[in-house]
Amino acid sequence: MPVMDEFKEERNMIKQKSLKEKISYFFDYYKWHTLAVIAILAAAVSMIIHWANMKDCALYVCLLNTMTSNQTKDYIQRFEEYAEIDRADYEVTFDTSMYIEIGGRDSVTATSFQKLAIYTAAGDLDVIVTDPEIIEYYVDQGIFYDLRQILSPEQIALYEPCFFYVDQVIVDAIQAADARGESYEAVFSDPRQPETMENPVPVGIFLDDCQGLKENVQFFDEEIVLTVVINSSNVETALKFIDFVMKNL
């Protein structure tokens with residue numbers, strides 16, 4: 001029997017069935033097509049809702065080697081209120097998804113290295129908070145601000161006792177060796193003792209007494225340092241974040 005005749009015969013048969021039988025027939029024969037269409041429509045609706053509700057980033061804070069706690073969301077909200085951020089259009093992000101162990105070969109460390117490199121190059125990161133070892137590892141890449149370039153004189157006077165210093169002479173030596181394709185065994189001086197350095201540069205702030213942040217984010221290390229990424233798009237908000245953290249609000 002020709003295909004068209006079979007189709008007409010089947011259609012006439014369906015017409016004689018009850019509504020319930022028609023629905024059952026349709027589902028039996030077309031359920032996978034229907035489910036596929038529903039899935040595509042659901043994905044499209046989800047993307048539309050996501051883009052419609054997406055807010056601009058007021059501040060992106062990378063908290064390396066940390067975990068959020070139940071209080072983290074409230075802490076972010078308190079900062080948004082302090083910084084007078086319009087929460088209808090902007091949001092503050094605390095990213096605790098990255099974990100890096102210097103010298104580690106695990107997949108989490110490798111993925112975190114890649115993610116941090118991409119986000120930094122793209123200018124998505126504003127602030128990095130992590131332990132001193134990570135800061136020293138990255139300092140020769142020039143990704144941190146010399147805080148004297150962005151802090152006000154009043155902020156420098158307040159926070160200078162907490163500055164994390166690196167010796168620019170050592171940083172320059174590392175970069176020169178890299179350019180020659182050579183290795184350089186860098187030995188950094190104590191970051192709290194700029195007097196022992198030839199050219200001390202403050203690239204971070206020790207958060208020793210900042211219990212407000214420590215009570216709302218779980219850090220894996222005792223010593224933590226806050227830095228501002230040099231290609232940050234939100235330097236002004238980053239400075240407000242420094243004040244917020246240092247004032248233990």
Is the shortest distance from a Lys or Arg side-chain nitrogen in Glu223 or Arg192 to a carboxylate oxygen in the other one below 4.0 Å? yes
Ignoring hydrogens and angles, write down the donor-acceptor pairs under 3.5 Å from the side chains of residues 129-140, residues two or more places apart or on other chains.
| residue | atom | partner | partner atom | Å |
| --- | --- | --- | --- | --- |
| Asp131 | OD1 | Glu133 | N | 3.1 |
| Asp131 | OD1 | Ile134 | N | 3.3 |
| Asp131 | OD2 | Asn65 | ND2 | 3.4 |

Nearest heavy atoms of Ala186 and Ile170, plus distance in Å: CB-CG2, 4.0 Å
Can you tell me which residue among Phe206, Phe144, Tyr145 is in a ring-ring contact (aromatic ring centres under 6.0 Å, His included) with Phe164? Phe206
Run the side-chain contact (heavy atoms from CB on, under 4.5 Å) test on Lys247 and Tyr82 for me, step by step, so that the C-alpha distance in whole Å, both residues' side-chain angles and the decisive distance to 0.1 Å come before the verdict. CA-CA 11 Å; Lys247 291 177 181 177; Tyr82 170 84; 3.5 Å; yes
Got a salt bridge between Asp146 and Arg148, using NZ or NE/NH1/NH2 to carboxylate O under 4.0 Å? yes
Ignoring hydrogens and geometry, is there a side-chain-to-backbone donor-acceptor pair from Ser69 to Asn216 under 3.5 Å? yes
Thr196 side chain to Ser189 main-chain N or O, any donor-acceptor pair under 3.5 Å? no
Judged by atom type as modelled, is there a donor-acceptor pair below 3.5 Å linking the side chain of Asp124 to the main-chain atoms of Tyr60? no
When you measure from the side chain of Thr111 to the backbone of Val108, do you find a donor-acceptor pair of N or O atoms at a distance under 3.5 Å? no
Give a yes or no on whether Glu195 atom CD has more than 12 heavy-atom contacts from other residues, nucleotides or ligands under 6.0 Å away. yes
Between the side chains of Ser97 and Asp95, is a donor N or O closer than 3.5 angstrom to an acceptor N or O? yes
Ignoring hydrogens and geometry, is there a side-chain-to-backbone donor-acceptor pair from Thr109 to Asp106 under 3.5 Å? no
If we ignore hydrogens and angles and just use 3.5 Å, is the side chain of Gln211 paired with the main-chain N or O of Asn248 as donor and acceptor? no
Over 12 foreign heavy atoms within 6.0 Å of CD, Glu236: no
Between Val127 and Leu59, is a side-chain contact (heavy atoms from CB on, under 4.5 Å) present by the stated rule, with each step listed? CA-CA 8 Å; Val127 173; Leu59 188 72; 4.3 Å; yes
May I ask you to check whether over 12 heavy atoms, not counting those of Tyr90, lie within 6.0 Å of atom OH? no
If you count heavy atoms of other groups shown closer than 6.0 angstrom to CD of Glu182, is the number above 12? yes
Will you find, in the side chains of Tyr165 and Asn199, an N or O donor that is under 3.5 Å from an N or O acceptor? no
Got a salt bridge between Lys214 and Asp209, using NZ or NE/NH1/NH2 to carboxylate O under 4.0 Å? no
I would like to know whether Asp126 and Thr237 meet side-chain contact (heavy atoms from CB on, under 4.5 Å); could you show each step before the answer? CA-CA 9 Å; Asp126 300 304; Thr237 309; over 6 Å; no
Determine whether Leu116 and Cys62 make a side-chain contact, defined as any pair of heavy atoms from C-beta on separated by less than 4.5 Å. yes
